[in-house]
Amino acid sequence: EKDAKTKGEGVCSAEATATLVRHTSQLAKENLCREDSAIAGRDHEVSQIILKRNLTLAGGSSLVIGAIIGSGLFMLPDIIYMETGGSPFMSLTVWFVGGIVAFFGSICYAELATSITVSGGEQAYLTKMYCPLVGFLFVWTNTLILNPGGLAAISLYCSEYIVVNIQNGYSKNVTELNNDLANQSPYIKGAFAILIVGVASLVNAISADLGDKMNQLFAVVKVAAIGVICSIGVYWLAKGKWSQFQTPYVAPNSTINGAINSVMLSMWAYGGWSFLSWVTEEIINPDRNVPLSLFIGISVVCAVYILFNFAIFCGPLIAHEITDSPFILLYAKTAWGGWGWFFATFCILTATYGAVSSNTISTTRFYHACARDGHLPRALSLCLPSRSTPIVAIIFNFLCTAIYIIAGKHATNVVDTVMYAQWVYFVLVFVGLLILRYMRPNMRRPFKAPLAVPIIQIILSLAMVLSPFFEKSIEDNDYFSNLAMKYGAVVGSIVTGVPFYLLCIYKRTRLGIFDKLSGDLARGCKHLGFQ
C-alpha cells in the first residue's frame with residue numbers, strides 16, 4: 001500500500017513536472033522572443049544572423065514620419081478640397097479625421113507589436129491569429145504589387161520635380177507647369193526614379209546605422225522645410241488674407257459621396273503608420289519605444305498636414321489654382337518669388353526621398369522576416385555578415401521597384417486598384433486582436449489598447465473596403481465596371497495566392513522543384529559571401 005502510494009505520488013509529480021514544462025514552453029511561444037523566432041526550427045539555408053537592435057525612439061519616430069509624409073501631402077489637398085465642395089473648414093476636418101483614424105490604428109498595432117515581438121508586422125500577426133495561409137496572402141499581395149508599386153509611384157513623383165526644374169526652371173502659371181510636367185520624357189523621369197531608389201538602397205546596404213541616421217536627418221529636414229511653407233500662411237493671415245475661410249462650413253455644392261471620398265483619401269494619405277511593425281526586432285526596448293514612436297510620429301504628421309492645409313487657405317491663390325495638383329510651387333512663388341519656387345521644390349524632394357528611404361528600410365526587413373518564416377525564398381533572409389544588413393532583400397526590393405518604374409503608369413494604376421486589399425487585411429488584423437484577447441487572455445501585453453479602439457477600427461476599415469460603392473453615383477455608366485475592377489483585383493490576388501501557397505510554400509503539398517530552386521538560390525548567395 002505504501003509502495004503504491006509512493007508510486008502514485010511519483011506519477012503525479014512527473015505529470016505535474018510535464019505540465020509545468022508544457023506551460024513554460026507555451027509561454028515562451030506566446031512571448032515570441034526575437035532570438036528564438038529568428039533561428040529555431042529553421043534549416044541551415046536560412047540566415048542565422050540576427051539583425052541588431054539599433055532603432056532608438058528617435059529612429060522609430062523618424063521611420064513613422066518618413067513613411068507617411070511623402071507625395072500624398074502634395075497630391076491630395078487639391079483633390080480633398082474639390083471633394084468637399086471647395087470648403088476649407090470641411091477640408092481641415094477631413095485631415096483631422098484621417099489623423100484620428102491613423103492614431104487609433106497605431107494604438108492597436110502598439111499592442112500587437114509589443115506582444116508579438118517579431119518583425120514582419122501583419123504577416124506575423126495574421127499567421128498567429130489565423131493560419132500561415134492568411135499570413136502568406138498578405139505577403140503575396142504586398143510583394144507582388146503594393147510594396148514595389150507604391151515605392152515606384154513615390155520615386156516617380158520625386159523625379160518629376162527634379163526633371164521639371166532641370167528642363168524648364170520655374171513656370172509662370174498652372175497651365176504652363178502642367179504642360180511642362182506632361183511633356184517630360186518618360187525615359188529621363190524613369191532613370192531619375194531608379195537612381196533615387198538606388199541611392200536609398202545603397203545607403204541601407206552600407207550600414208543599418210547609416211540608413212537610420214539618414215532617415216532621421218530627412219525626417220527633421222522635411223518637417224522643418226514644410227514648417228517654413230506653413231509660415232507663409234501665418235504671414236498672409238497677419239495681413240488679413242483669409243478670404244477662403246469666408247465660405248460656409250458645408251459648401252452648397254458638397255455631396256455625401258464627396259465627403260466619403262475625401263475621408264477615404266485622407267486615410268490613404270496617412271498610410272504607412274503600420275510599417276514600424278515590420279522592423280520590431282531592430283527597435284531598442286520595444287515595450288516602450290514602439291508605442292511612443294507611433295504616437296509621436298503620427299502626432300507630428302497630423303500637425304504638419306493640418307497646418308500645411310491651413311497655410312494654403314490663408315494664401316493668395318484663387319480657388320481654381322488650389323484645384324491643380326502642382327499648386328504648392330505657385331503658392332511659394334507667389335509669396336517669395338523665384339526662390340520660393342525652388343524652396344517648394346526642395347520640400348517636395350526631401351519629403352518624397354525621405355518616404356523612399358523609410359519604405360526601403362521597412363520593406364526590406366519585411367522581406368527578410370517573411371523569408372525567414374518560409375513565406376518567401378530563403379535567400380531573401382541572407383545578410384551581409386560584416387554589416388548585418390539584409391542585403392539580398394535590399395537587392396530584391398530595388399529590382400522589383402525598378403520593374404514597376406519601367407512599366408510606368410500602367411503598373412501604378414494596378415497598385416491603385418489593389419490597395420483595397422490592404423484594408424481587407426486591416427479588418428482581419430483588428431478582428432484578430434480581439435480573438436487573441438479572448439483565446440489567450442494571459443498572453444504578455446506590455447501595452448493594451450482600450451476595447452473600443454479595435455472595434456472602431458474594424459468599422460472604419462470595413463468602410464474603406466466598401467468605399468468603392470460610394471466613389472461614384474449609381475447612375476454613372478462606369479459604376480459597376482469600377483466595382484468589378486476594384487473587387488476583381490482583390491479577389492484575383494487571393495485566388496492566385498492560394499494555389500501558389502499550396503504548390504510552392506505548404507510543406508505537405510509543395511512541389512520539389514520549388515524547394516530545389518529556393519535552396520539553390522540560397523546556396524548561390526552564400527557562395528557570394530552572404531550569410
Side-chain angles (χ1 to χ4, degrees), residues 66-76 145-171 176-206 210-211 214-215 217-219 221-222 225-226 272 324-330 332-333 338-364 394-416:
I68 299 176
I69 300 179
S71 56
L73 177 62
F74 308 103
M75 294 172 62
L76 294 180
I145 300 173
L146 294 181
N147 288 347
L151 192 55
I154 299 170
S155 58
L156 283 168
Y157 188 86
C158 181
S159 68
E160 275 188 355
Y161 289 92
I162 295 175
V163 175
V164 77
N165 278 275
I166 293 174
Q167 289 185 343
N168 308 100
Y170 63 82
S171 307
E176 184 178 325
L177 176 56
N178 282 323
N179 289 335
D180 292 340
L181 291 171
N183 294 328
Q184 286 181 0
S185 167
Y187 303 106
I188 297 176
K189 185 168 68 173
F192 273 103
I194 292 174
L195 178 63
I196 290 165
V197 178
V199 170
S201 300
L202 180 61
V203 168
N204 283 283
I206 291 173
L210 178 62
M214 290 296 292
N215 202 51
L217 174 64
F218 273 90
V221 171
K222 80 163 74 173
I226 294 169
D324 285 281
S325 57
F327 67 89
I328 184 60
L329 298 176
L330 297 174
K333 177 174 173 285
W339 83 270
W341 170 282
F342 292 111
F343 184 79
T345 301
F346 173 75
C347 287
I348 294 174
L349 298 184
T350 54
T352 49
Y353 178 81
V356 169
S357 174
S358 292
N359 275 265
T360 299
I361 292 173
S362 55
T363 301
T364 52
I394 291 173
I395 296 171
F396 175 77
N397 181 62
F398 170 75
L399 294 176
C400 291
T401 305
I403 291 171
Y404 269 80
I405 291 172
I406 293 170
K409 287 186 177 180
H410 300 293
T412 53
N413 288 338
V414 174
V415 178
D416 293 339

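- Annotation: ring pair (Phe, Tyr, Trp, His ring centres under 6.0 Å) contacts of F396 (sequence neighbours excluded): Y367.
- For A402, the side chain to side chain contact (heavy atoms under 4.5 Å, CB included) criterion is met by I194, not counting sequence neighbours.
- The salt bridge (Lys or Arg N to Asp or Glu O under 4.0 Å) pairs that include a residue from residues 149-159 number zero, where partners must be two or more places apart or lie in different chains.
- When all heavy atoms of I405 and S155 are compared, the closest pair comes out as CD1-OG, 3.5 Å.
- For L210, the side chain to side chain contact (heavy atoms under 4.5 Å, CB included) partners at least two apart in sequence or on another chain are V203, I206, S207, M214.
- With a 4.5 Å cut-off on side-chain heavy atoms, L151 and Y404 do not count as touching.
- Note that the CG atom of N204 and the CG atom of N397 stand 9.5 Å from one another [nearest 0.5 Å].
- Across all non-hydrogen atoms, the minimal contact from G354 to F218 is CA-CB, 4.1 Å.
- With T364 contributing its side chain and I361 its backbone, the two residues share a donor-acceptor pair below 3.5 Å.
- For the pairing with I154, the side-chain contact (heavy atoms from CB on, under 4.5 Å) check across V356, V197, I196 returns one residue only, V356.
- Sorted by first and then second residue, the side chain to side chain donor-acceptor pair (under 3.5 Å) pairs involving residues 344-357 (not counting sequence neighbours) are N165-T345, N215-S357.
- How far CG of N359 is from CD1 of I68: 10.5 Å, rounded to the nearest 0.5 Å.
- Here the side chain of K222 pairs a donor or acceptor atom with the backbone of I69 at under 3.5 angstrom.
- A distance-only check finds no donor-acceptor pair linking the side chain of S358 to the backbone of A355 [under 3.5 Å].
- Side-chain contact between L202 and F398: absent, with no pair of heavy atoms (C-beta onward) separated by less than 4.5 Å.
- Applying the salt bridge (Lys or Arg N to Asp or Glu O under 4.0 Å) definition to pairs two or more places apart or across chains, those involving residues 152-166 are E160-K189.
- Scanning both residues, A193 and L156, for their nearest heavy atoms gives CB-CD2, 3.8 Å.
- S71 contributes atom OG, which lies 10.0 Å from atom CD1 of I348 (distance to the nearest 0.5 angstrom).
- Here the side chains of C158 and L349 are in contact, with some heavy-atom distance below 4.5 Å.
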Stepwise side-chain contact (heavy atoms from CB on, under 4.5 Å) check, T401 with T363: CA-CA 11 Å; T401 305; T363 301; over 6 Å; no

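- Closest of all the heavy-atom pairs between F343 and A225 is CE2-O, 3.5 Å.
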